[in-house]
Amino acid sequence: MRKSHGSPARQAHSMEEAVGAAIRELRQREGLTLAQVSEQAGISRGMLSKIENGQTSAGMDTLGRIARALGVSMSMLFSKYDASPSAAQHVKRGSGMEVVRRGTKSGHTYHLLAYDQGPVKLFEPFLITMTDDTEQYPTFQHPGTELLYMLEGVIEYRCGQSTYVLEPGDALTFQGEVPHGPHRLLQCPIRFLSFTVYPRGAE
């Protein structure tokens with residue numbers, strides 16, 4: 001019997017390969033050398049070469065600088081990643097881009113679940129994992145509205161002058177300008193989704 005359920009992850013390039021191929025294509029289309037783009041982006045030529053060949057993953061800040069050096073929006077760098085006729089983006093389990101955010105050193109792991117946002121950031125969906133309660137956690141403030149949805153563990157989360165005990169299935173919504181952040185980790189490991197919707201024009 002013919003098999004017709006091949007894994008999309010096998011059929012498509014990895015994210016690193018797809019982003020690297022897009023960068024190389026955009027660079028060559030503009031007739032630019034590795035040296036020219038790496039100098040403009042503030043990274044080494046060797047690092048840019050590794051990114052183009054899918055040999056290393058680059059952080060969002062680095063990709064942003066490469067995009068600016070090429071004169072394109074960030075979304076163009078992900079144009080080859082898991083493209084489909086519906087223009088939907090399918091991020092397989094465990095394949096979200098791990099990025100650095102405030103709190104990373106405190107035991108947070110951030111996996112960005114969507115990348116194609118163009119030059120103006122409209123929303124950020126993260127899967128956040130917390131396993132270490134040995135550090136003092138930072139306080140966050142940002143534009144927009146944030147929704148937390150608990151998947152695993154129990155956390156006491158502060159928002160303004162109040163604290164909330166969040167368990168699996170609980171949701172907490174608040175304005176990002178209100179100081180907020182973890183207060184206590186009551187049961188680890190903790191995993192929750194964080195969705196932030198930014199007002200148009202927010203940076």
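All heavy atoms count here, side chains included; hydrogens, waters and symmetry mates do not.
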Mind checking what makes side-chain contact (heavy atoms from CB on, under 4.5 Å) contact with [X], not counting sequence neighbours?
{"X": "Arg45", "answer": "Leu34, Ala35, Ser38"}
{"X": "Thr145", "answer": "Thr173, Gln175"}
{"X": "Gln187", "answer": "Val154"}
{"X": "Gln40", "answer": "Ala69"}

Let me confirm one number: the [atom1]-[atom2] distance from [X] to [Y], rounded to the nearest 0.5 Å.
{"X": "Met130", "Y": "Cys188", "atom1": "CE", "atom2": "SG", "value": "7.5 Å"}
{"X": "Phe195", "Y": "Glu146", "atom1": "CZ", "atom2": "CD", "value": "10.5 Å"}
{"X": "Ile155", "Y": "Arg191", "atom1": "CD1", "atom2": "CZ", "value": "13.5 Å"}
{"X": "Gln36", "Y": "Leu70", "atom1": "CD", "atom2": "CG", "value": "11.0 Å"}
{"X": "Tyr157", "Y": "Thr163", "atom1": "OH", "atom2": "OG1", "value": "12.5 Å"}
{"X": "Ile66", "Y": "Arg27", "atom1": "CD1", "atom2": "CZ", "value": "10.5 Å"}

- Message: Tell me whether Met60 shares a hydrophobic cluster with Phe126, the cluster being built from Ile, Leu, Val, Met, Phe, Trp, Tyr side chains joined at under 4.5 Å.
- Response: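 Yes; Phe126 is reachable from Met60 via cluster members.
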- Task: Specify whether His180 and His142 have parallel, tilted or perpendicular ring planes, treating 30° as the upper limit for parallel and 60° as the lower limit for perpendicular.
- Result: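 Plane angle over 60°, so perpendicular.
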Side-chain heavy-atom pair [X], [Y] within 4.5 angstrom cut-off:
{"X": "Phe174", "Y": "Tyr164", "value": "no"}
{"X": "Ile23", "Y": "Val37", "value": "no"}
{"X": "Thr62", "Y": "Ile51", "value": "yes"}
{"X": "Ile190", "Y": "Leu166", "value": "no"}
{"X": "Tyr149", "Y": "Leu151", "value": "yes"}

State, to 0.1 Å, how close [X] and [Y] come at their nearest heavy-atom pair, and which atoms those are.
{"X": "Pro189", "Y": "Glu152", "value": "CG-OE2, 3.5 Å"}
{"X": "Ala22", "Y": "Met76", "value": "CB-O, 3.9 Å"}
{"X": "Arg29", "Y": "Leu26", "value": "NH2-CD2, 3.2 Å"}

- For Thr131 and Thr109, what are the C-alpha separation, side-chain angles and deciding distance, and is it a side chain to side chain contact (heavy atoms under 4.5 Å, CB included)? CA-CA 9 Å; Thr131 58; Thr109 302; over 6 Å; no
- Item | Residue pairs involving residues 155-179 (criterion salt bridge (Lys or Arg N to Asp or Glu O under 4.0 Å); sequence neighbours excluded) |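 Sorted result for residues 155-179: Glu156-Arg184.
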- Task: Using a cut-off of 6.0 Å, state whether more than 12 heavy atoms not belonging to Gln28 lie near its atom CD.
- Result: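 For Gln28, atom CD is crowded (more than 12 foreign heavy atoms under 6.0 Å).
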- Qualifying residues under salt bridge (charged side-chain N to carboxylate O under 4.0 Å, His left out), relative to Arg24, sequence neighbours excluded: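 Once residues adjacent in sequence are excluded, Arg24 has no partner under the salt bridge (charged side-chain N to carboxylate O under 4.0 Å, His left out) criterion.
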